[in-house]
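Each remark here refers to the structure printed beneath this line.
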Protein chains: 2
Amino acid sequence: MALDRQRIVTEAVALLDADGLDGVTTRKLAARLGVQSPTLYWHLPNKAALVTAIADAILDQEFGDMSPPDTDQPWQVWLCGLAERLRRALLAHKDGARVISAAQLSRNMAAVSELAMSTLVARGIPLRQARVIVLTVERFTVGHVLEEQAPRPDADTLKDFDMHTFTRQYPTVVAAVTEYFQPGRTVDDLFRECLEVVIEGAAIKAGAAA
Amino acid sequence: MALDRQRIVTEAVALLDADGLDGVTTRKLAARLGVQSPTLYWHLPNKAALVTAIADAILDQEFGDMSPPDTDQPWQVWLCGLAERLRRALLAHKDGARVISAAQLSRNMAAVSELAMSTLVARGIPLRQARVIVLTVERFTVGHVLEEQAPRPDADTLKDFDMHTFTRQYPTVVAAVTEYFQPGRTVDDLFRECLEVVIEGAAIKAGAAA
DNA sequence: CCGCTCTCTCTATCGGTGATAGAGGGACTC
DNA sequence: GAGTCCCTCTATCACCGATAGAGAGAGCGG
């Protein structure tokens, strides 16, 4: 099969899913494509461009269709859904959040921002507030998923980790974590609750201005 | 001078400031310390541990002293200041946010969380809400600074970037960016405005529960 | 049909990376 | 003086992103 940029990116995403971002090397990617690694440099200027292309591909899967909200839907609800779609897109691939934050000038991320900001503006929110709100939601979401996808510390790191001491030093943190996951709450619920904080604040900010 | 963990980390931070996170290699660090690179592995299990140690060092400079708020200070104001100190700590070093997000189990980050959560709990906010609020603030802040410190796209990437097309495709984004930095507003103001969104939402969340 | 050119892939190689194995020096202790 | 432990060394591994430059093959003008 002909080797083109599209096929390279598709295979790169598959490699990402299999081996994580650090596993996406030009050699392994080339091997999957039945080609030698320098060949890739004919299609891509460097690895950063590859990562950005992967980021766009990841976002494509969740944001292939993007539409503003129905006129009767509050923008808060719609924006909440947008953030959850963004999170879903990132969680759908190993190191998804790292990929997005390493991407330089992702077109699809810009498209998400454009849709979100213009939607808020159409609802009467001043441009400046709209930008603040959208940036806050986006950066919180990426920051949150980044933490969700952070690797569990390896054995070497845990060698000198004493849970007992940790609990004594940071009792509130430990209590909060253990309390949270008691009755069947999931990480999705945690994200939603945090997101509600942001969105409620956004509503205040928009209301105070609009 | 004797080589110990403390001196290694101090020099690693200096190297970080000079060359960024990707420039922190075991060889360059060893050279600065007047030593061969494998020597470092007697003091550190691996590079991830070094990065975590750097993260703790970065936070130490801003959070060496940590104290709960005066009793007459609203927790919102205090938490706002905490987030700004966190941002300042990250901005004080090249790739500071990347370092923090790459760190595994930073003690000082845990200490910040502990102080923030316990302070909120002391103000009568239920543990669960306190955790949600603190997590939201922390992850937003890291996500925000991560973007602030993102490298400007290199020449190869910009080769096929057409500002005119970009403006036509994402007019609201471009308008928002140009509008924002008109009259003397800075990136600090942008952070503060975004942070206000989060903190206002936190106040709602806490008020609804307390 | 020839020869040119453009597209794409190849081999060979560079400098750099984190990490390990194992030798050995020096100080301190019995 | 012998042994032991701490720390640093040399040598080396497998792997990484990237470049130079040769060459295969298709298409096309003559």
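Letters A, B, ... mirror the listed sequences (proteins, then strands); counts begin at 1.
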Q: Walk me through it: do Glu138(B) and Met109(B) pass the test side chain to side chain contact (heavy atoms under 4.5 Å, CB included)?
A: CA-CA 9 Å; Glu138(B) 287 176 350; Met109(B) 198 66 205; 3.8 Å; yes
Q. Are Arg87(B) and Phe191(B) in a cation-pi setup, meaning NZ or CZ lies under 6.0 angstrom from the ring centre and within 45 degrees of the ring axis?
A.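 Satisfied, under 6.0 Å and within 45°.
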In whole Å, I'd like the distance from the [atom1] atom of [X] to the [atom2] atom of [N].
{"X": "Leu50(B)", "N": "dG18(C)", "atom1": "CG", "atom2": "P", "value": "9 Å"}
{"X": "Asp4(B)", "N": "dC6(D)", "atom1": "CG", "atom2": "P", "value": "16 Å"}
{"X": "Trp42(B)", "N": "dA19(C)", "atom1": "CH2", "atom2": "P", "value": "18 Å"}
{"X": "Leu33(B)", "N": "dC9(D)", "atom1": "CG", "atom2": "C1'", "value": "15 Å"}
{"X": "Leu29(B)", "N": "dG18(C)", "atom1": "CG", "atom2": "C1'", "value": "13 Å"}
{"X": "Leu40(B)", "N": "dT8(D)", "atom1": "CG", "atom2": "P", "value": "9 Å"}
{"X": "Gln36(A)", "N": "dC10(C)", "atom1": "CD", "atom2": "P", "value": "5 Å"}

(Q) With a 4.0 Å cutoff (strictly under), does any side-chain N or O of His43(A) reach OP1 or OP2 of dT7(C)? (A) no
Q.
When you measure from the side-chain N and O atoms of Thr39(B) to the phosphate of dC9(D), is any distance below 4.0 Å, counting only OP1 and OP2?
A.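 Yes, Thr39(B) has a side-chain N/O under 4.0 Å of OP1/OP2 on dC9(D).
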(Q) Under a 3.5 Å distance rule, please check whether Asp95(A) uses its side chain to pair with a backbone N or O of Leu21(A) as donor and acceptor. (A) yes
Q.
Using only atom types and a distance under 3.5 Å, with no angle test, would you say the side chain of Tyr180(A) pairs donor to acceptor with the backbone of Leu190(A)?
A. yes
Q) Does CD in Gln6(B) sit with more than 12 non-hydrogen atoms of other residues, nucleotides or ligands closer than 6.0 Å? A) no
Scan nucleotides 13-17 of chain D against the protein and return all N/O pairs shorter than 3.5 Å with their distances rounded to 0.1 Å.
residue : atom : partner  : partner atom : Å
dC16(D) : OP1  : Thr25(A) : OG1          : 3.1
dC16(D) : N4   : Arg27(A) : NH2          : 3.4
dG17(D) : OP1  : Lys47(A) : NZ           : 2.7
dG17(D) : OP2  : Thr26(A) : N            : 2.8
dG17(D) : OP2  : Thr26(A) : OG1          : 2.9
dG17(D) : N7   : Arg27(A) : NH2          : 2.6
dG17(D) : O6   : Arg27(A) : NH2          : 2.8

Do the side chains of [Y] and [X] get nearer than 4.5 Å, heavy atoms only?
{"X": "Ile54(B)", "Y": "Leu16(B)", "result": "yes"}
{"X": "Gln104(A)", "Y": "Arg152(B)", "result": "no"}
{"X": "Leu33(B)", "Y": "Thr39(B)", "result": "no"}
{"X": "Leu3(A)", "Y": "Trp42(A)", "result": "no"}

Under 3.5 Å between N/O atoms: give me all the protein pairs with nucleotides 21-27 of chain C, atom names plus distance.
none

